[in-house]
Amino acid sequence: MPRESPGTRFGRRPTRAADGGVPPIMNRDQRTSARGRGSVAETPDNDWVARFADEVIEAADRYRPGKPIVCASGISPSGPVHLGNLREVLTPHLVADEIRRRGVPCEHIISWDDFDRFRRVPATVDSSWSVHVGKPLSSVPAPPGSEHANWADHFRAPLIEALAELGVEFRGISQTAMYTSGAYTSQVLLAMRERQRIDAILAEYRTRPKQAAPAQRLSADEAAMSALALEGSGAADEDDGTGIGGYYPYKPYCQVCDRDLTTITGYDDATTALTYTCACGHSATVKLSEYHHGKLVWKVDWPMRWAYEGVAFEPSGVDHSSPGSSFVVGGRLVDAVFGGTQPIGPMYAFVGLQGMAKMSSSKGGVPTPSQALGIMEAPLLRWLYSRKKPAQSITVSFGQELQRMYDEWDALTSRVSAGAAAPAELAAYGRATFTVSAGRLPETPVRLPFGTLASVYDVTTGQPEQLLRVLRDVAPEADIPSLDVLRPRLDRAARWVTTELPAESRTQVRSVPDVAALAGLDDTQRAAIRLLLDGLDAAWSLNGLTTLVYGVPKKLLGLPMDVKPTPELRAAQRSFFVLLYELLVGRDTGPRLPTLLLAIGADRVRELLTPPGQ
RNA sequence: GGGGUGCUAGCUCAAUGGCAGAGCAGCGGACUUUUAAUCCGUAGGUUCAGGGUUCGAGCCCCUGGCGCCCCA
């Protein structure tokens with residue numbers, strides 16, 4: 001690692017990514033021996049992830065000794081899986097990774113809730129899709145234009161891709177596959193047999209009469225907000241099985257219309273004969289032991305799966321923190337009905353975007369992990385999640401703050417390399433850059449500051465030869481044989497500039513000279529520009545141009561080139577710069593002039609700065 | 001109405017009951033340089049309020065205030 005190389009003219013000195021090796025998180029022995037004098041400073045792995053791993057290992061040891069530990073996520077692919085949902089995946093991922101890091105077998109499963117009902121048609125999709133409301137998500141056609149087989153696939157596929165890039169190892173479990181294959185049949189029958197006990201437990205948390213419409217008194221907006229919030233965390237809305245003909249924790253999809261607008265009118269425990277009627281008019285009696293086209297209601301489904309998979313750790317959104325939530329009720333049911341144990345399940349706070357309080361898939365353009373990875377390197381995105389305890393909210397910025405995020409990240413990397421990082425930082429960094437199963441995540445070999453890349457990309461309008469030339473000039477001590485060593489960060493910066501940076505923040509080099517302004521220049525200004533243009537070729541380097549642009553006003557004032565700046569000189573320099581910015585980019589400020597000039601190119605600079613008739 | 005969660009420097013946030021800390025912004029300085037670069041230095045605090053437990057409380061308990069979230 002280069003240590004104290006001199007700073008560059010433009011941008012901080014580039015850093016090379018650390019090469020492979022042991023992740024910078026101490027093992028448990030080191031940690032234990034490092035305690036002393038109550039010092040927090042020497043317990044690097046005692047971050048929130050490690051603490052959960054401690055708890056989970058201990059609990060799993062008690063309840064399922066000898067079996068691999070299971071950490072779980074549940075994702076409902078009912079719409080874009082956004083950065084809030086990503087927490088549902090990354091939280092167990094980080095804990096599972098820590099457990100593996102300690103050599104304890106551990107599996108991270110993601111339950112794809114693709115057998116859930118299709119609730120509503122988003123505004124972005126043709127309203128004709130409303131005929132599918134009530135069907136399993138895996139039976140609904142994908143939105144128009146999609147290459148995917150069905151609705152669930154369409155939203156699941158990009159997430160799977162993003163998770164691969166993020167180094168998240170998991171086993172996906174399609175609930176459609178599980179239910180329709182009959183894998184849960186004995187659990188379904190058990191729940192039906194125990195329906196009265198289940199109903200009684202649910203009733204403890206029901207404060208309203210059974211038939212009360214939950215959203216009755218809310219305004220339309222409130223009702224919509226509430227429904228969307230629930231959907232966002234894959235949560236617990238859904239009716240809990242309460243019906244007119246008695247309580248059943250199971251809901252069949254109709255054989256004819258494929259929707260769940262069904263009502264169970266009779267069930268016989270001995271024969272498992274189940275009779276239902278559907279809103280479509282169909283009515284049938286099926287043998288539940290052989291009928292695999294239906295599912296347990298959510299509040300029963302979830303604890304069933306805890307028991308089935310032996311889940312030891314599964315977080316959930318804060319919407320589960322209330323008394324009657326499915327997490328709380330599930331904890332009762334898993335024990336009372338399914339003979340399992342409730343996993344350790346921290347509530348995680350919402351992920352916010354800039355001013356937005358929280359994300360929901362409702363509003364169009366809620367960023368997904370794929371979109372975030374378009375502008376953030378994978379370790380950086382992981383870091384945003386690893387450095388915050390689940391209860392702390394996360395704010396992801398797609399705006400100017402992103403540059404700062406990158407700068408912080410680079411500064412952290414330098415501190416880690418120098419051995420100067422604080423313990424919590426070190427842990428968050430290690431978890432962001434390395435996983436047991438994926439190893440060290442790919443990093444950009446030569447890291448130039450994100451802001452530098454963005455700004456150079458902006459002024460060169462992304463032309464590869466120009467980019468390479470300018471970036472070499474800008475960071476002469478960095479070895480840049482080709483643009484490839486600057487990737488993937490360069491591509492992230494490019495995408496950020498083109499998709500996120502508002503037009504008024506971009507630098508737009510004038511396409512034609514500002515003739516009127518050029519004609520109106522006074523003699524001093526003309527002389528200054530003359531001096532600049534005359535010296536241009538000889539000074540064509542970052543250093544040379546720097547001396548030149550600062551030197552022109554000195555010359556005009558009759559000062560020697562090595563003069564210490566006086567207030568008068570500074571004012572002259574400043575107004576000279578403003579003049580150049582106006583003529584080159586039509587604003588009074590911009591990227592540092594030497595960089596800007598290099599980016600524009602000498603010929604074009606002459607064209608833009610030469611008064612008419614000269 | 002019930003529950004959850006948060007309130008710490010101007011801002012964003014750290015701190016496992018043990019000397020309240022970073023980053024950014026600010027201020028001062030350096031680099032032939034007042035830009036959207038970098039480096040060094042520096043200041044900045046009644047930890048929302050009040051009470052309690054403790055040798056010791058930002059942290060634990062109680063009461064209250066304000067914000068956000070969820071449930072009803």
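Proteins come first, then strands; the chains are lettered A, B, ... in the order of their sequence lines, and each starts at number 1.
- Separating the CG atom of A:Asp54 from the P atom of B:U16 is a distance of 15 Å, rounded to the nearest angstrom.
- For the pair A:Lys388 NZ and B:G6 C1', the computed distance is 12 Å after rounding to whole Å.
- Qualifying side chain to side chain contact (heavy atoms under 4.5 Å, CB included) partners for A:Arg469, counting only residues two or more places apart in sequence or in other chains: A:Gln466, A:Asp473, A:Trp540, A:Leu598.
- How far CD of A:Gln403 is from OG1 of A:Thr452: 8.5 Å, rounded to the nearest 0.5 Å.
- Comparing A:Asp458 and A:Thr547 along RNA chain B, the residue whose closest nucleotide (by nearest heavy atom) sits nearer the 5' end is A:Thr547.
- A salt bridge between A:Arg382 and A:Asp97 is absent, with no side-chain N of the basic residue lying under 4.0 Å from a carboxylate O of the acidic one.
- In RNA chain B, consecutive stretches of 3 or more Watson-Crick or G-U wobble pairs with both distances under 3.5 Å are given as paired ranges: B:1-7 with B:65-71, B:10-13 with B:21-24, B:26-30 with B:38-42, B:48-52 with B:60-64.
- For the C1' atoms, the distance linking B:G58 with B:C19 amounts to 14 Å, nearest Å.
- Note: A:Trp302 and A:Trp298 have parallel aromatic rings, judged against thresholds of 30 and 60 degrees for the angle between ring planes.
- In this structure, the CG atom of A:Leu453 is 15 Å from the P atom of B:A37, given to the nearest Å.
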For nucleotides 23-28 of chain B, print each protein N/O atom paired with a nucleotide N/O atom at under 3.5 Å, atom names and distance only.
{"unit_1": "B:C24", "atom_1": "O2'", "unit_2": "A:Arg404", "atom_2": "NH1", "d": "3.0"}

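- Remark: the A:Gln342 side chain and the A:Trp306 side chain contain no N/O donor-acceptor pair separated by less than 3.5 Å.
- For the P atoms, the distance from B:C69 to B:A15 is 24 Å, rounded to whole Å.
- Listed by chain and residue number, nothing satisfies the ring pair (Phe, Tyr, Trp, His ring centres under 6.0 Å) test with A:Tyr457 (two or more places apart in sequence, or in another chain).
- The nearest whole Å value for the distance from the CG atom in A:Leu412 to the C1' atom in B:C13 is 15 Å.
- Residues A:Trp409 and A:Phe450 keep their aromatic ring centres 6.0 Å or farther apart.
- Distance check on atom C1': B:G2 versus B:U12 gives 32 Å, rounded to whole Å.
- Nucleotides B:U63 and B:G21, compared at atom P, are 32 Å apart to the nearest Å.
- Here A:Lys299 does not reach the OP1 or OP2 of B:C71: none of its side-chain N or O atoms lies under 4.0 Å away.
- Computed from coordinates, the A:Leu580 CG to B:U34 P distance equals 15 Å when rounded to whole Å.
- A:Ser316 comes within 4.0 angstrom of nothing in the nucleic acid, heavy atoms only.
- Relative to the side chain of A:Lys389, the nucleotides B:A15, B:A36, B:U34 differ in distance, and B:A15 lies closest.
- The distance between atom CG of A:Leu402 and atom C1' of B:A36, rounded to the nearest whole Å, is 15 Å.
- We find that CZ of A:Phe450 is positioned 16 Å from P of B:A37, with the value rounded to whole Å.
- Ranking B:U32, B:A15, B:U34 by closeness to the A:Tyr550 side chain, first place goes to B:U34.
- Taking atom C1' in both B:U8 and B:A49, one finds a spacing of 15 Å when rounded to whole Å.
- A salt bridge does not link A:Asp47 with A:Lys389: every distance from a Lys NZ or Arg NE/NH1/NH2 to an Asp or Glu carboxylate oxygen is 4.0 Å or more.
- Residues passing the side chain to side chain donor-acceptor pair (under 3.5 Å) test with A:Arg574, sequence neighbours excluded: none.
- Using C1' as the reference atom, B:A57 and B:U47 are 11 Å apart when rounded to the nearest Å.
- Shown here are the side chain to side chain contact (heavy atoms under 4.5 Å, CB included) partners of A:Ile57, two or more places apart in sequence or in another chain: A:Ile69, A:Ile99, A:Arg102, A:Val104.
- Note on A:Gln573: a side-chain N or O is less than 4.0 Å away from OP1 or OP2 of B:U34.
- Nucleotides B:C68 and B:C61 have their C1' atoms positioned 24 Å apart, rounded to a whole Å.
- The cationic group of A:Arg387 lies under 6.0 Å from the six-membered ring centre of A:Trp383 and within 45° of the ring axis, placing it in a cation-pi geometry.
- Distances were taken from every side-chain heavy atom of A:Thr507 (C-beta onward) to each of B:U32, B:U34, B:A36; the shortest belongs to B:A36.
- Looking at heavy-atom distances under 4.0 Å, A:Leu593 makes contact with a base.
- Between the P atoms of B:C13 and B:C71, the separation comes to 24 Å (whole Å).
- Taking atom CD1 of residue A:Ile394 and atom C1' of nucleotide B:U5, one finds them 15 Å apart after rounding to whole Å.
- When distances run from any side-chain atom of A:Arg51 to the nucleotides B:U16, B:U34, B:A36, the shortest one goes to B:U16.
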